[in-house]
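So the structure is just underneath, and the comments pick up after that.
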Amino acid sequence: MGHSAAVWDYRAAIEITKDWNGIDQVVLHNPQGASARVSLHGGQVTSWRNEHGEELLFTSSKAIFKPPKAMRGGIPICFPEFGNCGSLEQHGFARNKIWAIDDNPPPLLPNDSNGKSFIDLLLKPSEEDLKCWPNSFEFRLRVSLATDGDLTLTSRVRNVNGKPFSFSFAYHTYLSVSDISEVRIEGLETLDYLDNLCRRERFTEQGDATTFESELDRVYLSSPNVIAVLDHERKRTYVIRKEGLPDAAVWNPWEKKSKSMADIGDEEYKQMVCVDGAAIEKPVTLKPGEEWTGRLQLSVVPSSFCSEHLNL
């Protein structure tokens with residue numbers, strides 16, 4: 001584009017294209033060459049690249065890119081349910097719907113759009129959705145890419161119903177890693193968690209970090225707002241900052257589970273880890289007219305920069 005950072009045109013940094021199914025997708029760029037891609041199918045971030053063009057999110061080579069199935073990878077949005085603990089399809093219906101671009105969203109406070117390229121999306125329930133989940137809502141999602149390459153997702157759910165409703169939520173974030181056995185997560189030590197491999201029984205994390213030696217599927221409760229995912233081999237750390245999302249879900253399917261899943265390669269579990277900012281244990285309840293906000297910010301820093309700088 002030939003813009004210098006001083007006169008960078010953020011509107012020109014947003015590109016709308018079509019994917020292989022003819023569904024609109026939005027590509028955000030920053031002056032340094034980083035990018036993010038968001039599909040209107042599910043409001044799902046499907047790519048986040050740094051200024052060197054390296055992909056930071058994992059997508060399965062066997063992912064099924066055909067609605068209404070959600071794509072295995074990126075950042076699917078789980079709403080109004082996480083997992084399959086309710087009556088709806090697993091992880092709710094938001095990730096399987098076509099969202100609209102919201103040209104005139106209500107102001108976001110604090111307005112964090114300065115110096116960022118961003119897109120606003122909107123989901124409202126269809127007649128079909130209201131049959132299986134009879135609650136009227138407006139779900140607004142802003143995805144923004146900052147000049148430093150940070151990716152931020154801000155979700156706002158408003159109750160436009162005549163009665164209260166409750167929901168659970170997660171940003172089901174698939175991070176790309178070099179080797180899962182070399183990954184450690186800091187910030188979850190000493191926390192209680194629900195173990196989905198043991199019928200959601202409650203345990204306490206005993207390690208000084210969360211590491212991976214077999215299948216792991218947990219929801220850490222009352223987790224801190226900053227979590228670090230260290231990739232030892234690449235010497236880089238993902239820093240996850242979250243607001244309005246008290247829980248952190250952590251998942252890796254490992255070898256046996258991967259082989260039973262049609263949309264992930266047998267060995268691909270080694271290159272991924274899911275660490276989700278979430279509200280699961282205590283569902284969010286909104287009275288008529290109330291709005292909830294949940295924000296996730298993802299950054300990447302060299303691992304040498306870590307813990308003491310992150311206030312973990």
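Counting begins at 1 with the first residue of the sequence.
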Can you give me every donor-acceptor pair (side chain of residues 50-57, partner residue at least two apart or in another chain, under 3.5 Å) with its distance?
residue, atom, partner, partner atom, Å
N50, OD1, H52, N, 3.0
N50, OD1, G53, N, 3.2
N50, OD1, E54, N, 2.9
N50, ND2, E54, OE1, 2.6
E55, OE1, S47, OG, 2.6
E55, OE2, W48, N, 2.9
E55, OE2, L57, N, 3.0

Checklist entry - Less than 4.5 Å apart, any side-chain heavy atom of W251 and any of M272? => result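 Yes, at least one pair of side-chain atoms sits under 4.5 Å.
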Checklist entry - Name the one of F82, F93, W292 that satisfies ring-ring contact (aromatic ring centres under 6.0 Å, His included) with F167? => result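 With F167 as partner, ring-ring contact (aromatic ring centres under 6.0 Å, His included) holds for just one option, W292.
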Next on the checklist: For S299, give me all partners under side-chain contact (heavy atoms from CB on, under 4.5 Å), at least two apart in sequence or on another chain.
Outcome noted: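 S299 satisfies side-chain contact (heavy atoms from CB on, under 4.5 Å) with D150, V239, R241, Q297 once adjacent residues are dropped.
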Checklist entry - For P105, which residues count as a side-chain contact (heavy atoms from CB on, under 4.5 Å) partner, sequence neighbours excluded? => result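 If we apply the side-chain contact (heavy atoms from CB on, under 4.5 Å) test to P105, skipping adjacent residues, the hits are D102, D120, R140, R142, R156.
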Next on the checklist: Among E291, E290, E138, which residue satisfies the salt bridge (Lys or Arg N to Asp or Glu O under 4.0 Å) criterion with R158?
Outcome noted: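 When E291, E290, E138 are each tested with R158, the salt bridge (Lys or Arg N to Asp or Glu O under 4.0 Å) holds only for E291.
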Checklist entry - Checking side chain to side chain donor-acceptor pair (under 3.5 Å) for the pair R295/T154: CA distance, chi angles, key distance, verdict? => result CA-CA 4 Å; R295 182 181 277 112; T154 305; 3.2 Å; yes
Checklist entry - Given the rule in the side chain to side chain donor-acceptor pair (under 3.5 Å) test, do S35 and R49 qualify, once you have shown the distances and angles that lead to the verdict? => result CA-CA 5 Å; S35 67; R49 292 179 182 269; 5.0 Å; no
Checklist entry - Would Y174 and S60 satisfy side chain to side chain donor-acceptor pair (under 3.5 Å), going step by step from the backbone distance to the final call? => result CA-CA 10 Å; Y174 286 78; S60 166; over 6 Å; no
Report yes or no: does [X] contribute a side-chain atom to a donor-acceptor pair with the main-chain N or O of [Y] at less than 3.5 Å?
X: S117; Y: H29; value: yes
X: D276; Y: A170; value: no
X: Y171; Y: S155; value: yes

Checklist entry - When you look at NZ of K287, are more than 12 heavy atoms from neighbouring residues, nucleotides or ligands closer to it than 6.0 Å? => result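 Not buried by this count: 12 neighbours or fewer within 6.0 Å.
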Checklist entry - Can the ring centroids of F212 and W254 be said to lie less than 6.0 angstrom from one another? => result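 Distance test on ring centres: not under 6.0 Å, no.
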Checklist entry - Parallel, tilted or perpendicular: which fits the ring planes of F165 and W133, with parallel below 30° and perpendicular above 60°? => result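 Answer is perpendicular, since the angle exceeds 60°.
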Item to check | Verdict with supporting geometry, T173 and Y238, side chain to side chain donor-acceptor pair (under 3.5 Å) | outcome: CA-CA 11 Å; T173 309; Y238 294 99; over 6 Å; no
